[in-house]
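Structure first, then comments.
In this chain, numbering begins with 1 at the start of the sequence shown. A quick note: this is a predicted structure, and the numbers were derived from the prediction, not measured. One-based numbering, in listed order, for ligands and for the atoms of each.
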Amino acid sequence: MDLKSLYQEIILDHNRHPRNYGALEGPSHEAHGHNPLCGDQLHLTLVVDDEGVIQDLRFEGKGCAISTASASMMTEHVKGRPAKDVEALLHEFHEVATGKLDPEEAQLLGKLKIFAGVAEFPTRVKCATLCWHTLKSAVDKGATATTE
Ligand code: ZN
C-alpha cells in the first residue's frame, strides 16, 4: 500500500476510534492547545513519573479529522517514552509534515511517518502539529499552545 492510501486509512480509523481519549485524574502535567485557523481545540493530561517517563496521557477536545487522528497517534507513540524526547519528536514530526524531511529518513516517528501526507496541504500542517506543540507546552509546564 502506498503512503497516501495508508495515510487516508489510518486517519479515518483514528478519527473514528480515537485512542487514549478523555482526561486523566490528577495529572502531573497538562496543557491546552488551539489552532485558530481551523478551530481545533485540544486538552492534554499527562502523568510523568519521577524518572521523567510519560507513564500515561490522554487527550480530549474538538477538532478536524487530522487533528484528532494526529493526537490519537501521538498518545500511542509517546506513552512510555522520556518526556525529554518530546522536543526531538516534535522537530522531526514537523520536518516530515512540512515536506522538509523525507519520511524514509525519519528516525523517531515509526508509523507517524504517514503524516508526510499533509505536506501537500499547508493549511492542514497546523492541524497535524497542534497536538505536538500542546505536548511540548505541557512537558515544559506551560499552559496554552497555539499554532499562531
Ligand atoms: Zn484542523
Side-chain angles (χ1 to χ4, degrees), residues 1-25 27-48 54 56-81 83-148:
M1 196 183 283
D2 64 34
L3 200 62
K4 203 166 182 175
S5 39
L6 195 63
Y7 165 73
Q8 284 162 349
E9 184 160 306
I10 294 177
I11 298 276
L12 282 174
D13 175 51
H14 277 264
N15 184 46
R16 276 198 205 110
H17 309 287
R19 322 300 200 267
N20 303 303
Y21 192 85
L24 293 170
E25 272 181 48
S28 61
H29 296 67
E30 62 187 310
H32 193 76
H34 180 215
N35 172 16
L37 207 64
C38 175
D40 308 312
Q41 297 271 356
L42 185 73
H43 192 77
L44 271 182
T45 47
L46 289 76
V47 171
V48 179
I54 300 170
D56 205 359
L57 73 166
R58 303 253 169 92
F59 79 99
E60 60 188 350
K62 271 197 165 28
C64 65
I66 291 173
S67 70
T68 301
S70 182
S72 172
M73 292 180 72
M74 179 189 78
T75 59
E76 287 193 315
H77 197 68
V78 302
K79 199 185 275 195
R81 281 180 194 260
K84 66 174 171 52
D85 289 2
V86 167
E87 189 159 7
L89 282 162
L90 163 64
H91 178 74
E92 193 171 278
F93 186 87
H94 193 268
E95 294 285 291
V96 165
T98 51
K100 289 179 194 139
L101 178 68
D102 183 330
E104 296 308 317
E105 308 275 311
Q107 303 290 314
L108 310 168
L109 296 183
K111 65 181 175 183
L112 301 181
K113 287 176 187 179
I114 57 133
F115 282 95
V118 296
E120 45 185 301
F121 308 102
T123 58
R124 311 318 297 272
V125 170
K126 290 179 175 181
C127 302
T129 55
L130 173 65
C131 59
W132 287 97
H133 289 292
T134 309
L135 179 62
K136 171 88 168 55
S137 136
V139 301
D140 291 347
K141 291 272 190 188
T144 302
T146 173
T147 55
E148 294 303 308

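Only protein N, O or S atoms were considered, and those under 2.8 Å from the Zn ion (ligand 1) are Cys38 SG, Asp40 OD1, Asp40 OD2, Cys64 SG, Cys127 SG.
Between Phe93 and Phe115, the two ring planes are tilted [angle within 30° to 60°]. Classification of the Tyr21-Phe59 ring pair by plane angle, with boundaries at 30° and 60°, yields perpendicular.
A salt bridge links Asp13 and Arg19; the closest N-O separation between the charged side-chain nitrogens and carboxylate oxygens is under 4.0 Å.
Judged by distance alone, with hydrogens and angles left aside, the side-chain atoms of His32 form no donor-acceptor pair with the main-chain N or O of Gln41 at under 3.5 Å. Distance alone, capped at 3.5 Å, is enough to place a donor-acceptor pair between the Ser28 side chain and the Val48 backbone.
To the nearest 0.5 Å, the span separating OG on Ser70 from CG on Asn15 amounts to 11.5 Å.
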